[in-house]
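Source: prediction; values computed, not measured.
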Amino acid sequence: MNNKDGKLECVPEYGEPVFKVVEQFLSINGEGRRAGQLALFVRFAGCNLDCEYCDTRWANERDASYDAYTCDLLYEMITGAGINNITLTGGEPLLQPGIGILLDHLRTERRLNIEVETNGSIDIEPFFTKREDFISDNVTFTLDYKTRASGMESRMCMHNYELVRDIDTVKFVVGSVGDIETAVDVIKKYRLKEKGCCIFISPCFGKIEPREIVEYMVKNRINDVNVQLQLHKYIWDPDRRGV
Ligand code: SF4
């Protein structure tokens with residue numbers, strides 16, 4: 001059913017959570033473990049942070065236009081897309097009421113690789129699977145550690161860095177050499193390499209040159225960390241949505 005703006009409206013059962021989806025699109029993964037691969041992106045409305053470099057602020061505005069999905073409808077949309085890589089992003093996807101239920105449904109679709117891009121301020125432990133019969137979880141978390149460049153570093157939930165698994169990813173978006181040093185400290189303190197999680201350092205677009213990160217890594221012999229550029233910002237206009 002469409003409302004007057006042409007946006008999708010669902011009719012939830014009483015008390016049923018409704019997911020606010022501001023956009024969904026197919027593209028390549030611009031970053032992360034599956035960078036370069038096709039993925040379905042589902043972007044949810046709303047965020048609890050306000051990063052200085054946020055490029056999706058429009059999705060966090062109170063009056064952002066969204067499609068309302070019930071859990072069943074969203075599950076059908078995701079599983080019916082014919083795409084194996086699914087990126088749930090935002091905003092902050094873990095703020096959506098019912099997201100844990102959706103993740104548990106999606107865990108039953110073993111062909112899917114579900115990547116939850118979270119801003120690092122929300123405890124991820126409640127969203128881990130409780131099922132012991134899963135040899136490997138197909139729901140993984142990409143934790144964005146917000147360095148000083150974001151202005152949100154004090155909001156990080158450091159418990160998450162104790163919990164990360166070898167299937168999860170930690171990404172540091174850095175805007176200065178000081179931010180790289182913070183990243184290195186967190187990697188060491190929480191033994192992220194030893195835990196086997198994937199570690200990325202990405203330049204904050206326009207604030208630091210990728211070359212400076214590489215030079216720092218060479219000088220300081222930083223092994224087992226990946227420099228990653230946000231591919232989509234190089235392929236398309238950096239401000240373009242839906243890519
Ligand atoms: S966490 Fe992400 S969506 Fe939220 S303000 Fe920061 S950059 Fe924007």
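No more than 12 heavy atoms of other residues, nucleotides or ligands shown are found within 6.0 angstrom of CZ on R148. Around atom CZ of R57, more than 12 heavy atoms belonging to other residues, nucleotides or ligands sit under 6.0 Å away. The number of heavy-atom neighbours closer than 6.0 Å to NZ of K171, taken from other residues, nucleotides and ligands shown, is above 12. Enclosure of atom NZ in K189 is not indicated, since only 12 or fewer non-hydrogen atoms of other residues, nucleotides or ligands lie within 6.0 angstrom. Within 6.0 Å of CD1 on I101 lie no more than 12 heavy atoms contributed by other residues, nucleotides or ligands.
For the pair K193 and I199, the tightest heavy-atom approach, listed with the atom from each and the gap, is CG-CD1, 3.7 Å. Taking both residues in full, the closest heavy atoms of I78 and L40 are given as CA-CD2, 4.1 Å, listed atom of the first, atom of the second, then distance. Nearest approach of R33 to D166, heavy atoms of both residues: NH2-O, 2.9 Å. For the residue pair A35 and Q228, the shortest heavy atom distance occurs at CB-NE2, 3.6 Å. The minimum heavy-atom distance linking V22 with A59 is given by the pair CG2-CB, 3.8 Å. Taking each heavy atom of I213 and S202 in turn, the nearest pair found is CD1-C, 4.1 Å.
A side-chain N or O of T118 and one of E92 form a donor-acceptor pair less than 3.5 Å apart. Side-chain contact of N119 with D144: a donor-acceptor pair under 3.5 Å is absent, judged by distance alone. Between the side chains of T70 and D72, no donor-acceptor pair is found at a separation under 3.5 Å.
Side chains of P17 and Q96 form no contact here, defined as non-hydrogen atoms less than 4.5 Å apart. The closest side-chain heavy-atom distance from V21 to F44 is below 4.5 Å. At a threshold of 4.5 Å between non-hydrogen side-chain atoms, the residues M158 and Y145 count as touching. Annotation: side chain of I201 is not in contact with side chain of I222 (no heavy-atom distance under 4.5 Å). Two residues are said to be in side-chain contact when any heavy atoms from C-beta on lie closer than 4.5 Å; L143 and D168 fail this criterion. Contact check for C198 versus N226: side-chain heavy atoms found under the 4.5 Å cut-off. Between F141 and V164 there is no side-chain heavy-atom pair separated by less than 4.5 Å. No side-chain heavy atom of F172 sits under 4.5 Å from any side-chain heavy atom of D179.
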> Going through the distances and angles, do N220 and I180 end up as a side-chain contact (heavy atoms from CB on, under 4.5 Å)?
Replying inline: CA-CA 11 Å; N220 295 282; I180 306 174; over 6 Å; no

>> Walk me through whether I124 and L94 qualify under side-chain contact (heavy atoms from CB on, under 4.5 Å).
In response: CA-CA 8 Å; I124 57 174; L94 296 182; 4.0 Å; yes

> Passes side-chain contact (heavy atoms from CB on, under 4.5 Å), T108 versus Y75? Steps please.
Replying inline: CA-CA 11 Å; T108 63; Y75 175 83; 4.0 Å; yes

>> Could you go through E153 and T182, starting from their C-alpha distance and side-chain angles, then the distance that decides it, and tell me whether this counts as side-chain contact (heavy atoms from CB on, under 4.5 Å)?
In response: CA-CA 10 Å; E153 191 173 7; T182 299; 3.2 Å; yes

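We find the CD-CD1 distance between E194 and I187 to be 10.5 Å, quoted to the nearest 0.5 Å. If you take CE on M156 and CE on M152, they are separated by 8.5 Å, rounding to the nearest 0.5 Å. The distance from the CG atom of L112 to the CG atom of L106 is 6.5 Å, given to the nearest 0.5 Å. Interatomic distance, K207 NZ to Y53 OH, rounded to the nearest 0.5 Å: 8.5 Å. Here the straight-line distance linking atom CZ of R34 with atom CG of N84 works out to 8.5 Å at 0.5 Å rounding. The line from CG of N29 to CD of Q37 is 7.5 Å long, rounded to the nearest 0.5 Å.
Residues F200 and V186 do not share a hydrophobic cluster, defined by chaining ILVMFWY side chains whose heavy atoms lie under 4.5 Å apart. Under the 4.5 Å side-chain heavy-atom criterion for ILVMFWY residues, a single connected hydrophobic cluster contains both I122 and I99. In the hydrophobic clustering of ILVMFWY residues, with side-chain heavy atoms under 4.5 Å counting as a link, L163 and I167 come out apart. At a threshold of 4.5 Å between side-chain heavy atoms, the hydrophobic network of Ile, Leu, Val, Met, Phe, Trp and Tyr places V170 and M217 in one connected group.
Looking at R155, its side chain never comes within 3.5 Å of a backbone N or O of K146 through a donor-acceptor pair. Using modelled atom types, one side-chain atom of R110 and one backbone atom of R107 make a donor-acceptor pair closer than 3.5 Å.
Of the candidates E23, E117, Q24, E23 is the only one forming a side chain to side chain donor-acceptor pair (under 3.5 Å) with R43.
Salt-bridge formation is detected for the pair R165/D137: a Lys NZ or Arg NE/NH1/NH2 atom is positioned less than 4.0 Å from an Asp or Glu carboxylate oxygen. In this structure, K219 does not pair ionically with E215, as no charged nitrogen and carboxylate oxygen lie closer than 4.0 Å.
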